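By convention here, the first residue in the shown sequence is residue 1. Keep in mind that what you see is a predicted model, and the values were worked out from it rather than measured.
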Amino acid sequence: MSINTDFPPNENIVWHPHSVTRQDREALHKQQGAVLWFTGLSGSGKSTLAGALERVLHQRCISTYLLDGDNMRRGLCRDLSFSNDDRRENIRRVGEVSRLLVDAGLIVLTACISPYRAERQMVRDMLPPGCFIEVFVDTPLAICEARDSKGLYKKARAGKLPNFTGIDAIYEAPQQPDLHLNGEQLVTDLICRLLVLLSERVLIST
């Protein structure tokens, strides 16, 4: 398991290896741990898709955990603002939690806007090789804004929500995602593509 090296090491803190390894936990679950990192604009369908996939995997007796960006903001990351520095720290924390859950042998479904390529690469580098699967839910801004179930775009357009991704803050689309999904397609069709990917990566059996 790789160790995050973003911060200088503290000589008084020593990494403590576990007698039960990730491979032991994966054998218990009869699966391999991995992170499916759903990225895209607000309203693109990331959370809906991740939730639907988790339900399907649960029905197949596959051990999962869903980390939703908004939910993380209400707990572990509630002290963070939406400044660029705090956004990076938000993604780092979500990445560290994802890393621990992968070490537990789970398939982790993470739905975060995560607008910057460098931040997504940071999380990829935290994980063992092959354990980070970037899923780009590519939905046009106009469609995301028309959905606007949370009313966030309306607030952003009115100047009440500064630094909002897609309006006055940039989104860097993945250049080579592991899976590129059209967010306008039916969820059932997108789930099928995700299941095929998981099967091809030998993370689940067909």
Side-chain angles (χ1 to χ4, degrees), residues 1-2 22-23 25-72 91 94-140 143-144 147 165 171-206:
M1 173 66 68
S2 61
R22 173 169 62 90
Q23 290 73 23
R25 301 183 188 100
E26 289 176 337
L28 181 66
H29 290 293
K30 298 181 174 61
Q31 65 185 50
Q32 292 186 46
V35 174
L36 273 76
W37 191 276
F38 293 83
T39 178
L41 295 173
S42 177
S44 62
K46 302 180 300 299
S47 295
T48 298
L49 189 54
L53 177 61
E54 185 178 40
R55 172 56 56 185
V56 172
L57 295 177
H58 180 75
Q59 291 170 346
R60 296 187 177 196
C61 298
I62 294 169
S63 300
T64 63
Y65 199 83
L66 172 57
L67 296 175
D68 180 78
D70 280 357
N71 291 355
M72 297 294 288
I91 296 304
V94 176
E96 289 287 359
V97 174
S98 299
R99 182 176 69 86
L100 292 173
L101 293 175
V102 168
D103 196 43
L106 305 183
I107 291 181
V108 186
L109 312 172
T110 301
C112 290
I113 294 174
S114 46
Y116 299 113
R117 296 187 189 109
E119 293 170 353
R120 299 191 296 266
Q121 184 62 47
M122 172 183 65
V123 178
R124 186 187 293 272
D125 292 342
M126 290 180 184
L127 296 162
C131 286
F132 182 89
I133 300 172
E134 186 177 48
V135 180
F136 178 28
V137 185
D138 188 2
T139 307
I143 299 297
C144 295
R147 291 172 178 172
T165 304
Y171 176 77
E172 296 178 346
Q175 295 175 317
Q176 292 183 313
D178 296 280
L179 188 60
H180 189 160
L181 300 178
N182 180 349
E184 297 181 83
Q185 292 182 343
L186 293 173
V187 170
T188 50
D189 293 339
L190 299 179
I191 292 296
C192 288
R193 291 191 60 192
L194 285 160
L195 292 174
V196 168
L197 175 66
L198 289 172
S199 179
E200 290 175 345
R201 296 291 180 91
V202 200
L203 295 173
I204 64 171
S205 57
T206 54

**Student:** Can you list the residues that meet the ring pair (Phe, Tyr, Trp, His ring centres under 6.0 Å) rule with His58, with sequence neighbours excluded?
**Tutor:**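 Result, ring pair (Phe, Tyr, Trp, His ring centres under 6.0 Å) vs His58: none returned.
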**Student:** Check residues 179-187 and write down every donor-acceptor pair under 3.5 Å in which the side-chain atom is one partner and the other belongs to a residue at least two apart or another chain.
**Tutor:**
unit_1, atom_1, unit_2, atom_2, d
His180, NE2, Asp138, OD2, 2.8
Asn182, OD1, Glu184, N, 2.9

**Student:** For Asp103 and Arg25, work out which heavy atoms get closest and say how close.
**Tutor:**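 Looks like O-NH1, 2.9 Å.
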**Student:** Please list, chain by chain and in numerical order, all residues satisfying salt bridge (Lys or Arg N to Asp or Glu O under 4.0 Å) with Asp178, sequence neighbours excluded.
**Tutor:** Arg124, Arg201
**Student:** My understanding is that only residues two or more places apart in sequence, or in another chain, count here; which of them pass side chain to side chain donor-acceptor pair (under 3.5 Å) with Thr48?
**Tutor:** none
**Student:** Name all residues meeting the salt bridge (Lys or Arg N to Asp or Glu O under 4.0 Å) criterion together with Glu26; count only those two or more places apart in sequence or in a different chain, and write none if there are none.
**Tutor:**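 For Glu26 the salt bridge (Lys or Arg N to Asp or Glu O under 4.0 Å) partners, ignoring immediate neighbours, are Arg22.
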**Student:** Please report the interatomic distance CG(Leu67) to OG(Ser47), rounded to the nearest 0.5 Å.
**Tutor:**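 OG of Ser47 is found 11.0 Å from CG of Leu67.
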**Student:** For the residue pair Leu36 and Leu198, what are the closest heavy atoms and their distance?
**Tutor:** CD1-CD2, 3.6 Å
**Student:** I need the Leu106 CG to Leu100 CG distance, nearest 0.5 Å.
**Tutor:**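 It comes to 10.5 Å.
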**Student:** Any side-chain heavy atom of Val137 within less than 4.5 Å of one from Leu49?
**Tutor:**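 Val137 vs Leu49: side chains touch.
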**Student:** Side chain to side chain donor-acceptor pair (under 3.5 Å) with Thr139: which residues, sequence neighbours excluded?
**Tutor:** none
**Student:** I want to check something: taking the side chain as every heavy atom from C-beta on, are Met126 and Val35 in contact at a cut-off of under 4.5 Å?
**Tutor:**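 Result no, sub-4.5 Å side-chain heavy-atom pair not found.
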**Student:** Around Gln176, counting heavy atoms of other residues, nucleotides and ligands shown, do more than 12 lie under 6.0 Å from its CD?
**Tutor:**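 Incorrect, the count does not exceed 12.
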**Student:** Roughly how far, to the nearest 0.5 Å, is CG of Leu127 from CD of Glu96?
**Tutor:** 9.0 Å
**Student:** If you round to the nearest 0.5 Å, how far is CZ of Arg99 from CZ of Phe132?
**Tutor:** 14.5 Å
**Student:** For Thr64, which of Arg55, His29, Gln31, Glu54 qualifies under side chain to side chain contact (heavy atoms under 4.5 Å, CB included)?
**Tutor:** Glu54
**Student:** For a quick test of reading the model, state the closest non-hydrogen atom pair linking Gly33 to Cys131 and the distance between them.
**Tutor:** O-SG, 3.6 Å
**Student:** Sorted by first residue and then second, give each side-chain hydrogen bond (donor to acceptor under 3.5 Å, both in side chains) pair with at least one member in residues 187-197; sequence neighbours left out.
**Tutor:**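 The answer is none; no pair qualifies.
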**Student:** For residues 108-116, please give each side-chain donor-acceptor pair under 3.5 Å, one per line with the distance, not counting sequence neighbours.
**Tutor:**
unit_1, atom_1, unit_2, atom_2, d
Thr110, OG1, Ser98, OG, 3.4
Ser114, OG, Trp37, NE1, 2.9
Ser114, OG, Thr39, OG1, 3.4
Ser114, OG, Cys112, O, 3.0
Tyr116, OH, Asn84, OD1, 3.3

**Student:** Which residue pairs satisfy the salt bridge (charged side-chain N to carboxylate O under 4.0 Å, His left out) criterion with at least one member in residues 43-52, sequence neighbours excluded?
**Tutor:**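 Matches after skipping sequence neighbours: none remain.
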**Student:** Return the set of residues passing side chain to side chain contact (heavy atoms under 4.5 Å, CB included) with Ala173 (not counting sequence neighbours), or none when no residue passes.
**Tutor:**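 Partners of Ala173 by the side chain to side chain contact (heavy atoms under 4.5 Å, CB included) criterion, ordered by chain and then number, come out as Phe136, Tyr171.
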**Student:** Under the salt bridge (Lys or Arg N to Asp or Glu O under 4.0 Å) test, which residues partner Glu119, sequence neighbours left out?
**Tutor:** none
**Student:** Who pairs with Arg120 by side chain to side chain donor-acceptor pair (under 3.5 Å), at least two apart in sequence or on another chain?
**Tutor:** Glu134
**Student:** How long is the gap from OH on Tyr65 to CG on Leu101, to the nearest 0.5 Å?
**Tutor:** 8.0 Å
